[in-house]
> 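Structure in structure tokens, see below.
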Protein chains: 2
Amino acid sequence: MSLKDPLSGLLAGLEGGLAVMVMAGDGIVVEEAAADRTTFDLQVLGVEYATVLREIRRTVEVIRAGALEEVCVTTDRLHAVMRAVNDELFALLVMSRDGNLGQGRHRLRLISFELARELA
Amino acid sequence: MSLKDPLSGLLAGLEGGLAVMVMAGDGIVVEEAAADRTTFDLQVLGVEYATVLREIRRTVEVIRAGALEEVCVTTDRLHAVMRAVNDELFALLVMSRDGNLGQGRHRLRLISFELARELA
């Protein structure tokens, strides 16, 4: 299964969508799609957010909060939305601060379910 | 300024609201309010999420994503929403998974601005 098309499809027409990646837990980018206006180093971004996600996974285990589903990080410049695909992979969507976050979260959720099904 | 009343006010009538805390960056809880049905150890939860927030702050610096505003973590049992109040304090809202997250995020944003103003 090619991941490129669904990832490009997610970004298409998504207001403020900058990049979307499927990554392994260690930060290695399995596949990615980026809008032309992306000015971030996607590899660095992937590695850094993978570290965040590992820390959060550890935390939700400690406090027995259940299985991790989604993490959103908003700064004054960006939204980053991460979703677990399965035990090994996660999807990361990067959007500009004024992008349509609700739409982005919705699309990322759909694609994560689709990937989980395909990879099962 | 007493923080207890605004925190209790935030929880009042918030569907699925379990607990809200104002914490220092090292996880020490400055003030808290909890719904009766809360079954979590708020101190542990505070320390753990403070660790997550430190990690995320470090990450957004590395990737130059701007100043951290909000972090949402959703598991199959809980939503946790964190907002920076100022350089030292942050606010943490814990909600049940089926709670009204939009309402919770909105209320936490208002109270964080209010606290930042009061403490400036």
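Here is the naming used below: chain letters follow the sequence lines, and residue numbers restart at 1 for every chain. Since we're looking at a predicted model, the values are computed, not measured.
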> For A:Arg97, which atoms come within 4.5 Å of any heavy atom of chain B: side chain, backbone, both, or neither?
side chain

> Using side-chain heavy atoms (C-beta onward) and a distance below 4.5 Å, is B:Leu92 in contact with B:Val29?
no

> Mind listing the closest non-hydrogen atom pair of A:Ala35 and A:Gly17 along with its distance?
CB-O, 3.6 Å

> Name the region of B:Val60, side chain, backbone, both or neither, that has any atom closer than 4.5 Å to a heavy atom of chain A.
side chain

> Quick check on B:Arg57 against chain A: is it the side chain, the backbone, both or neither that has a heavy atom closer than 4.5 Å?
neither

> State whether B:Glu114 and B:Arg117 are salt-bridged, where the test is any N-O pair (Lys NZ or Arg NE/NH1/NH2 against Asp/Glu carboxylate O) under 4.0 Å.
no

> Is chain A contacted by the side chain of B:Val62, its backbone, both, or neither, given a heavy-atom distance below 4.5 Å?
side chain

> With respect to chain A, which residue among B:Thr59, B:Val81, B:Val47 yields the maximal number of heavy-atom pairs within a distance under 4.5 Å?
B:Thr59

> Among A:Val52, A:Val71, A:Val44, A:Thr75, which has the most heavy-atom pairs under 4.5 Å with chain B?
A:Thr75

> Any chain of hydrophobic side-chain contacts (each under 4.5 Å) joining B:Leu108 to B:Phe113?
no

> Using non-hydrogen atoms only, which part of B:Arg58 is less than 4.5 Å away from chain A: side chain, backbone, both, or neither?
side chain

> Looking at A:Val94, A:Val73, A:Leu78, A:Leu45, which has the largest count of heavy-atom pairs under 4.5 Å with chain B?
A:Val73

> So, for A:Asp26 and A:Arg54, which heavy atoms are closest and what is the spacing to 0.1 Å?
CA-NH1, 3.6 Å

> Considering only heavy atoms from C-beta outward, does the side chain of B:Leu3 approach that of B:Val30 to under 4.5 Å?
yes

